[in-house]
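Please read through the structure below; I'll follow up with questions.
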Amino acid sequence: MNLRAIRAIYLFEMARAWRTLLQSIVSPVLSTSLYFVVFGAAIGSRIQQVDGVPYGAFIVPGLIMLSLLTQSVSNAAFGIYFPRFAGTIYEVLSAPVSYVEIVIAYVGAAASKSILLGLIILATASLFVPLQIQHPFWMISFLILTAVTFSLFGFIIGIWADGFEKLQLVPLLIVTPLTFLGGSFYSIDMLPPFWRGVTLFNPVVYLVSGFRWSFYGRSDLGVELSLGMTLAFLLACLLAVRWIFKTGYRLKA
């Protein structure tokens with residue numbers, strides 16, 4: 001394992017985040033705070049509690065997941081696409097670095113930025129509502145697992161994309177709508193039976209449900225099912241990345 005190469009790529013990607021601090025950290029935190037204020041004030045005045053949890057506190061895990069998913073995908077996609085666009089990917093591919101080390105570095109940096117952002121949003125939310133985390137170990141576990149999984153997904157998108165517009169296509173048109181419809185701001189038990197059944201095909205439901213369970217010990221679905229679905233998606237992304245490097249699919253395009 002070439003730890004020096006992993007460290008070099010990782011630090012380079014993290015340095016880019018600090019150079020664009022307003023875009024990488026401040027902007028998502030402000031956007032999530034606005035979501036919290038608008039939804040918490042407008043809907044919270046009408047819905048006092050959901051499953052015994054005050055509505056303002058109930059939406060916090062969903063808001064964290066919303067930012068975590070979108071930022072993980074965007075950070076990882078841009079991180080691998082830009083070297084392809086600028087032509088510097090040839091330096092990485094010609095260096096004595098295996099594809100495993102490349103993935104660890106790029107995905108690790110994207111996941112690190114997303115986890116940091118999630119923790120900042122959690123701290124910010126605690127200023128608005130009193131929060132309780134009944135299972136802190138599982139909260140951190142779901143946070144890390146989700147960030148790594150969707151950073152891998154974003155890495156795949158960055159290789160698939162052949163233009164900057166495609167980098168935003170999946171986060172804006174797929175990930176964000178799925179998160180909004182995945183129980184981030186409501187319990188899926190509030191839906192009619194038909195729509196609840198349809199919602200179960202949304203993979204984000206399982207992530208939000210498991211993450212919310214780590215806070216309040218309550219969830220729409222079993223935590224074992226949530227964990228299993230997350231691990232299944234992680235495995236699928238790992239297999240896809242392995243195939244990409246084995247075949248050289250669009251790495252140099």
Side-chain angles (χ1 to χ4, degrees), residues 28 32 35-36 39 49-73 75-76 107 110-126 129-154 171 174-191 195-239:
T32 305
Y35 277 126
F36 183 83
F39 279 89
Q49 291 187 342
V50 178
D51 291 337
V53 180
Y55 184 76
F58 178 84
I59 65 174
V60 170
L63 286 174
I64 295 175
M65 274 291 161
L66 174 62
S67 294
L68 191 72
L69 268 56
T70 54
Q71 292 301 312
S72 294
V73 173
N75 288 334
V107 172
S112 297
K113 288 182 277 187
S114 300
I115 292 169
L116 176 62
L117 178 62
L119 294 176
I120 292 175
I121 293 174
L122 177 62
T124 304
S126 66
V129 294
L131 293 176
Q132 57 174 331
I133 304 176
Q134 295 187 8
H135 307 282
F137 171 78
W138 286 109
M139 189 276 287
I140 295 297
S141 298
F142 271 108
L143 195 69
I144 295 174
L145 189 59
T146 303
V148 171
T149 300
F150 277 81
S151 293
L152 276 169
F153 185 51
I174 298 179
V175 175
T176 300
L178 287 179
T179 306
F180 272 95
L181 297 173
S184 297
F185 301 102
Y186 57 87
S187 170
I188 65 172
D189 289 335
M190 300 167 65
L191 299 174
W195 290 112
R196 187 183 188 280
V198 172
T199 303
L200 294 178
F201 289 96
N202 181 352
V204 178
V205 169
Y206 303 93
L207 303 177
V208 174
S209 179
F211 193 57
R212 183 172 287 129
W213 172 85
S214 69
F215 278 77
Y216 309 118
R218 299 178 178 87
S219 63
D220 297 325
L221 303 166
V223 64
E224 298 84 0
L225 181 59
S226 298
L227 182 61
M229 292 294 290
T230 306
L231 291 174
F233 190 37
L234 174 61
L235 178 60
C237 290
L238 287 172
L239 292 175

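As the structure is a prediction and not an experimental result, all values here were calculated from the model. These numbers come from the heavy atoms of this one structure, side chains and all, not from hydrogens, waters or symmetry mates.
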Atom pair OG1/CG of Thr124 and Leu63 - distance to nearest 0.5 Å |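 Separation between the atoms: 11.0 Å.
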Student check: side-chain heavy atoms of Ser209 and Tyr206 closer than 4.5 Å |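 The answer is no; the side chains never approach within 4.5 Å.
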Shortest non-hydrogen contact from Val208 toward Gly62 =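 Here Val208 and Gly62 meet closest at CG1-CA, 4.4 Å.
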Mutual orientation of the aromatic rings belonging to His135 and Trp213 [parallel < 30°, tilted 30-60°, perpendicular > 60°] =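 Judged by the thresholds at 30° and 60°, the geometry between His135 and Trp213 is parallel.
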Which value, rounded to the nearest 0.5 Å, describes the distance between Leu117 atom CG and Ser67 atom OG?
->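 Rounded to the nearest 0.5 Å, the CG-OG separation comes to 5.5 Å.
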What distance separates Ser226 OG from Leu231 CG, expressed to the nearest 0.5 Å?
->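 The CG atom of Leu231 is 11.0 Å from OG of Ser226, to the nearest 0.5 Å.
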Provide the closest heavy-atom pair for Leu207 versus Met65 in the form atom of the first, atom of the second, distance.
->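 For Leu207 and Met65, the tightest heavy-atom pair comes out as O-CE, 4.0 Å.
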Between atom CG of Leu225 and atom OG1 of Thr230, what is the distance when rounded to the nearest 0.5 Å?
->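 Separation between the atoms: 9.0 Å.
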Could you pull out all donor-acceptor pairs under 3.5 Å where a side-chain atom in residues 143-152 meets a protein atom, sequence neighbours excluded?
from   : atom 1 : to     : atom 2 : distance (Å)
Thr146 : OG1    : Phe142 : O      : 2.7
Thr149 : OG1    : Leu145 : O      : 2.7
Ser151 : OG     : Ala111 : N      : 3.3
Ser151 : OG     : Ala147 : O      : 2.7

Euclidean distance, Leu239 CG relative to Leu234 CG, rounded to 0.5 Å |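 Going from the CG atom of Leu234 to the CG atom of Leu239 covers 9.5 Å.
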Non-hydrogen side-chain atoms of Ser72 and Phe153 separated by less than 4.5 Å =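 No, too far: nothing below the 4.5 Å cut-off.
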Considering residues at least two apart in sequence or located in another chain, which fulfil the side-chain contact (heavy atoms from CB on, under 4.5 Å) criterion with Ile133?
->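 Partners of Ile133 under the side-chain contact (heavy atoms from CB on, under 4.5 Å) test: Leu122, Pro136, Met139, Phe215.
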